[in-house]
Every structure is written in C-alpha cells, then in structure tokens.
Novice: 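Below is one structure. I have some questions about it.
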Amino acid sequence: HQHKSPMTTTTAAATTRKQQHPFRMNYQTFQRHTILTLLVIVLIFVSLNQYYLLNNAISSDAALNVAIASSLKAPVNKKWTEDELLRGIESNPDLLEKIRNRTKLKNTTTNSDTNHSVDEESDDEETSSNIDDNICKAWKLDSLSASFLWNTHLNQIFMASRHSQDGDYTWHDFTAQLLREYMTARRLQTSVKSLPFRYWKNVGEILDIVWKRYRYLQNKSQGKNKNEEEEPRKLHILVMGGSVTMGVQCLNNPVVKSNRFARRNCAWPTRLSIFLNTLVPDLVRLDMITLGGTNTESAKTIWDYALFPQDMPHPDIVIHGYSTNDMHVISEQQAIRKGITLEDMILQMNQNFVRTILRPPSQCHDLTRPTPLLLYYDDYVGNEQRQLLKTRSFGKAASLLANYYGFGLISYADAVRELIYGDTTEDWFSPNNWPDRQVHPGMGMHISSMWLVAYHFLTMATEYCASSFSNNDDDAMQMIPPLKSDKKLIGKPKPIPSGLPPALTNMTSLDDISTRWQQESAAAVPTVNLTACSETAATTTATTSRCILSWVGGMERTFDQPKHLEKRLKPVLVSNQNWQASADNSKLGFEATQPGASFEMKLPVKQLPVQTINLMVMTSYGDKWKDSQIRVDARVERTKVQRSMDIFGFHDRNTSETYNYQLKLLPNETALPPNDVLRVKLTLVGGSSFKIMGMAICDH
C-alpha cells in the first residue's frame, strides 16, 4: 500500500468511504492483489517448467550436481538458477545424456557414427498415437524454447555439422570450438532480428510439409505405409546470393589448406542442407542460385523471369544472401551519381526485390509460383567501407523492410561484430587479410552461418507452436474473460488490408497511407477466379518459362561450361563473327574477342507474348576492357518495330561486377503479337572485348 495504484480512487469522498469501511476496502485490494499474484505465479510456472524438470533431476543426483558445479567453477549447490544451468550445459555438453535420462525429456535424435536421425521409437504408445498429426507436440516445439532445445541437443548438432566429404572429421576441433566457445545459444539468439510476423500461415504450411514427410518416412521404415499412399514431397529451400554465399574463400581455415571442397560445396547453403538432412534424413531439397558479382538487382531479374534450372521445384522458403554485394563500392558510386545515400539505394533495390517475391497471385499461371516464406541473411561485416556507421547501411535498410513487410531477418553481422571489433586480426569470422580490402570470409563463417539459419528455423517453429497460430483460436480465446456489454467502442482499427503495403518512398506519408493501402489492395484483387483455375495451371512446374530465350552463365552446376552455353544458343544464332562462349575465372558468358565483333539471333514469337530484352553484362577494368561498348538492335519483322540501346562494359574500379539492362520493345507495357519474328543483333562498337553474362527475352 506504499505505492499508489492506478485503480485507487483518491477523491475526498473515496477517502471518507475508506475510513468508514477500512476492512471492506482492504479486502477488495487484497482480492485484486491475490488474483494478480496468482496470474503471475501461473505464468512463471509455465515458463519455468522445463527449468524445474532439470533442476529436480540434478538436485537428486550428487554426480550431476558436482559436474554442474565443476563446469561453472562454483561450490556445489542443490538448486541452480536457469541461467546457471544453461551455462553449465554449454560448458559441458557431455552432461546432456545424463540429464535427459533423469528428466525423461525425449531425445528427438539418435546418435550413430554414420547417421543421426530423428528417433523412430516411442516408449509410450498412447502418447505416440496422440501426436501422429501434431509436430508441435511430438517435437515439444510448443513447450520448450529454441535455446533450450538447442542446448539439450548439442551433441547431435555437433555430429550433424560434419560435412559429408569430411569422412574423418578433419575439422572436428575447429567445429567444436566454434560451437562450444562462440556460437552458443545466446549468440545465436542475437542473430534473430525479425520473425515473419505477416507470414505465420507459411510457417504452418512448412511445418505441415515437414511433418507429413517425416511421418511417411518413419512408417515406411517400419513397413506401415499403405501401398497406394503417395510419398509426401520434400521441403524446398532456395538460397540466392553472390560470391560470399557461393563460397569464395570458404577454404580458408586454421586447420588445413585443402582442395577437398569446391566453392559451392564448402559454402553454408550446402552445409545447411547436409545438416538438416542428417538430423532428419531425406527431408529437405536445397537449391543454390549463386553467382559472383551479382547483387539484389540481378536476383530480382532471375526471380521475375524464373531463370532457374528446369528441374528446380518452386521453393517454400527463399533466403536472400546478397548483403555483401549490395554494399559493394560500385553500388556506392552509383548512389553518388544518383545523388542519394548508399542506404537509400540499397533500400530501393531491395524493396523492388521484396515486392516481387511477396506479390500475391493474381492470374492462374501465378498459382505455379505461390508466395514463399522470405528470409534475409545479412553477412556483411566490412570492409568495402571503413567507417563503422557506413558498414551498417545494408542492415538498417533490411531491418526497415523486414519490419514494414513482415518477412524474416537473420544477421550474422550482429552475431559476430563484437568478436571482430575486439580483435580485427582474427580470421575465423571476418574476411582473411582484414582490415585490408577483402569481403569473403573463410570456413568459420560458413559453419557458423549454417547454425544461425538452422537456429532461425527452430525459433520460427517454437514461436509458431507456442502461439495461438497453431491452435484453435476459439480455445485460445477462452482464456480471456467475456465482454461485459454489447456496446461498440469507437476508434477500433479496420481489418488490415490483404495486399502489400504501399512502397516506401520519400513521398509515402501518414496523410494517405491508409487510403492508399486499402485502394492498392482492392486493385490487386485477382481478375480471375483462382479457385476455378484448371488443375494443369495450378500444377505446372515452377520453372514454367516466361521467356522465349533465357540463360545465366555459371549460376548452376549443370550450366557452367562453354559447351552448355553453345548448345543453348545454337538454335537461335543465324550469324556470328568473333563472339564465343568462355568461362575464364569461372565466369561463363558470351564474349566478343575482336573489334567489330557481332552476332545475330532469330527468335520466332509464337504463343508467348514478348515485351522486353534483358541483358546481364559484366562491367570490368584494365586494358582488355578499355572503352568496351556494344550496340543492341532489335527488329520485329511483321510488326515493323525497331529498337536500339548502347551498353558500356568498362569502369575505373578494380573489380568486375554484373549489371542488368532492359530494352522495351513496345511502349505502355504492350507486347508483341504472336506469330511474328524477332531479330536481335549485338555489335561491338567500342574497345576489343565485351562479355554478356546472361540474357532473357520475356513476356513482361
């Protein structure tokens, strides 16, 4: 009663009543305090239930008590705080098996020398039958936190972190030190910048895909599947990125210099695929669309025109990994020329990509590409820029977009910055030769990134399962008292518009944001009844072409040799003078080798309408590329359309980058009619060399 309560009336009349009925007022206050206290106790009990399970087991086992005390370098204590327990477990992972046996916490994985899969046995048949259709209950995702699950499975995590090509676990001690000393659950948690709060439905669908396949594979191994039962598909993950994500310099490590891994095979996306499929065999298909020298602008082109391998399924999850390339000095120079900041330029480029990825379906053919769950991965710690504030430009822009559009954001940079700033000579987490100009970190970054992304997946799952999203809303609402009256209160927010919010620009204002969002959402309503779309339209492969010709050199393992490009271009080339497919420095493209070199393509326009010619061009430096310039001439035979543009392939920066150029064939988003012929001629009009890295002639 020494603290004033906002519920306490302080008027003179109330004071008089209190003096007249002191017991009555004190009893009412007591009731309120008692109810609040009971609520707090219930919340504390639920949140600390897992802590008591551990503590009760340890307090009843002298050996475990001594082991925890030894790990903490503290006196033996029969009651440990939750923080002490977690620190003790982190310091001594060998305690985990003993703790599991005492707490009866189900170990969801089993350990063997060659395979570490989810436990297929249950000691409780009744429990097993009740959880068959509930991944949240079966894997305890609804009751245990991500950090707790991570810490209590460190041994399985460590064993699953071994690369499939590291048979003798050469990097055993390096991996163990990374996991034990640096990538603890506390540090992993700092990388979780934003969860996909507008896309929890996607998270639920992903968990459903995982659970159906897991249960099918379990039943199959036990001979329980019905003969006619269709095999549920794998979870599909797509990682898109530049040279860092591709694994350039990944072989740098403190153990041994080895050529055991190719770049992409060493990189964190490949390691993530191995990690997930070791924990739960044959669960995930992960595809990498990575190419050095490309940034988010290239990613938008690749996604928009579906420039993927023909056999690649449409992804359930898309992970963006272009942060380092977006921070390139070339991007900074472009921003200066446009009179805007680097952060503003990064914001514009990435907002275009985000809106392209998250755009809801509006036509039947869009059903082949449903909106995926989008996650951003920020791996940039420097050092294109020397000033610390400038190195944060991508992180600031990504954070703003993630919170505005509601997608997920993971920050490797935030997780390791203090380690790097504390010792800029280290090279486990930062690029080799730091602080000299180098942007490609070594193996330590790629192993750590595998864990960071996996931990983000786990956090999404536990947050989803612990929330009402995974349960019946009516059941959840029973916890809230019913309304006392039917009176409608004014000022209640309207339902959130279903479409994407208006694009963020300097003109986006509080004055009209609500009106614009509602109007744009209404305008984005599908013009056709999507439920009535034919089954064929809804089940076509995800790579259904939007282009009459498309290729991107070196983006995939099956299209990284000159012979692959020659085969793709042969059907459309009608003339060629001094252009050839080349893959120097592992960069596949179509290259002019002599001044005046030219080639012409003839492309029939049949059923697919055509609007644009898109070129991905390498811009480079040095005598070979000096004054490099091409002229692009497009001519349509029947429609009599002619269009041209010039493109330069030289700059004064000592680096090679890929940039995108587009030539529109007709104004006002109109397309060429079918049954026509498009001719495209490219001529080297300046310099002695030029290189095209990709091409897409498409319907929009």
Side-chain angles (χ1 to χ4, degrees), residues 193-199 202 240 294-306 318-323 325-327 331-332 334-335 337-363 366 369-378 392-409 493-527 546 611-612 614 659-662 664 667-669 698 700:
K193 307 281 76 171
S194 178
L195 293 174
F197 63 88
R198 285 214 184 108
Y199 296 91
N202 292 61
M240 305 179 72
T294 57
N295 59 13
T296 298
E297 186 178 30
S298 299
K300 177 183 177 296
T301 299
I302 292 168
W303 178 270
D304 199 18
Y305 298 121
V318 173
I319 303 178
H320 172 287
Y322 291 93
S323 61
N325 282 29
D326 284 358
M327 291 292 292
S331 299
E332 194 165 13
Q334 283 184 314
R337 288 195 293 269
K338 291 182 177 181
I340 60 177
T341 66
L342 176 62
E343 189 172 331
D344 285 341
M345 182 170 174
I346 291 171
L347 180 68
Q348 292 176 10
M349 186 163 50
N350 281 275
Q351 181 166 229
N352 290 337
F353 174 78
V354 169
R355 295 182 70 87
T356 301
I357 291 278
L358 299 181
R359 182 172 55 210
S362 60
Q363 300 291 333
D366 292 334
R369 306 180 70 193
T371 303
L373 183 70
L374 176 63
L375 303 176
Y376 259 54
Y377 189 71
D378 178 11
R392 302 293 187 99
S393 293
F394 181 88
K396 290 179 181 178
S399 179
L400 175 61
L401 292 172
N403 284 282
Y404 186 69
Y405 288 101
F407 59 85
L409 173 60
K494 296 178 181 178
I496 299 173
S498 58
L500 293 176
L504 280 173
T505 68
N506 291 331
M507 302 304 293
T508 309
S509 168
L510 287 173
D511 295 331
D512 61 355
I513 181 68
S514 298
T515 302
R516 286 184 56 195
W517 194 356
Q518 292 164 8
Q519 290 176 346
E520 290 179 16
S521 293
V525 171
T527 55
R546 307 291 300 272
Q611 286 189 13
T612 60
N614 302 272
Y659 292 98
N660 301 277
Y661 298 87
Q662 184 178 88
K664 294 183 178 180
N668 304 321
E669 304 298 325
C698 304
H700 68 291

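Just so you know, these numbers use all the heavy atoms, side chains as well, and skip hydrogens, waters and symmetry mates.
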Novice: Has T508 got a side-chain atom pairing as donor or acceptor with A503's backbone, closer than 3.5 angstrom?
Specialist: yes

Novice: Roughly how far apart are M327 CE and E343 CD, rounded to 0.5 Å?
Specialist: 9.0 Å

Novice: I'd like to know whether Y199 forms a side-chain contact (heavy atoms from CB on, under 4.5 Å) with L358, so could you lay out the CA-CA distance, the side-chain angles of the two residues, the decisive distance to 0.1 Å, and finally the verdict.
Specialist: CA-CA 10 Å; Y199 296 91; L358 299 181; 3.5 Å; yes

Novice: Using modelled atom types only, decide if a donor and an acceptor are shared between the side chain of R359 and the backbone of L500 within a distance under 3.5 Å.
Specialist: no

Novice: With a 3.5 Å distance limit and no angle check, can you tell me whether T505 reaches the backbone of M507 through a side-chain donor-acceptor pair?
Specialist: yes

Novice: Report the distance from atom CG of L375 to atom NZ of K193, rounding to the nearest 0.5 Å.
Specialist: 15.0 Å

Novice: Using side chain to side chain donor-acceptor pair (under 3.5 Å) as the criterion, list what pairs up with T341, not counting sequence neighbours.
Specialist: D344

Novice: Where the side chain of S194 meets the backbone of F407, is there a donor-acceptor pair that is under 3.5 Å apart?
Specialist: yes

Novice: Identify, with sequence neighbours excluded, every residue that meets side-chain contact (heavy atoms from CB on, under 4.5 Å) alongside E520.
Specialist: R355, P502, R516

Novice: Quick one, H700 and Y305 - any side-chain contact, counting heavy atoms below 4.5 Å?
Specialist: yes

Novice: If you take all heavy atoms of G499 and S521, which pair is closest and at what distance?
Specialist: N-OG, 3.1 Å

Novice: Side-chain contact, heavy-atom cut-off 4.5 Å: P372 with I357?
Specialist: yes

Novice: If you take all heavy atoms of P360 and T371, which pair is closest and at what distance?
Specialist: CA-OG1, 4.0 Å

Novice: Should we say atom CD1 of I340 is surrounded by more than 12 heavy atoms from elsewhere, each under 6.0 Å from it?
Specialist: yes

Novice: Please find the pair of heavy atoms, one from S298 and one from N660, that lie closest to each other, and give the distance.
Specialist: OG-ND2, 3.2 Å

Novice: Considering only distance and modelled atom types, tabulate donor-acceptor pairs under 3.5 Å from the side chains of residues 345-353, sequence neighbours left out.
Specialist:
| unit_1 | atom_1 | unit_2 | atom_2 | d |
| --- | --- | --- | --- | --- |
| N350 | OD1 | T296 | OG1 | 3.3 |
| N350 | OD1 | H320 | NE2 | 3.2 |
| N350 | OD1 | Y376 | OH | 2.8 |
| N350 | ND2 | D326 | OD2 | 3.1 |
| N350 | ND2 | I346 | O | 2.9 |
| Q351 | OE1 | Y405 | OH | 2.7 |
| Q351 | OE1 | L504 | N | 2.6 |
| Q351 | NE2 | L504 | O | 2.9 |
| N352 | ND2 | Q348 | O | 3.3 |

Novice: Say whether, by atom type as modelled, one donor and one acceptor occur between the side chain of N325 and the main chain of T294 under 3.5 angstrom.
Specialist: yes

Novice: What is the distance from atom CZ of R392 to atom OG of S399, rounded to the nearest 0.5 Å?
Specialist: 11.5 Å

Novice: Can you find a heavy atom in the side chain of V354 that is under 4.5 Å from one in the side chain of Y404?
Specialist: no

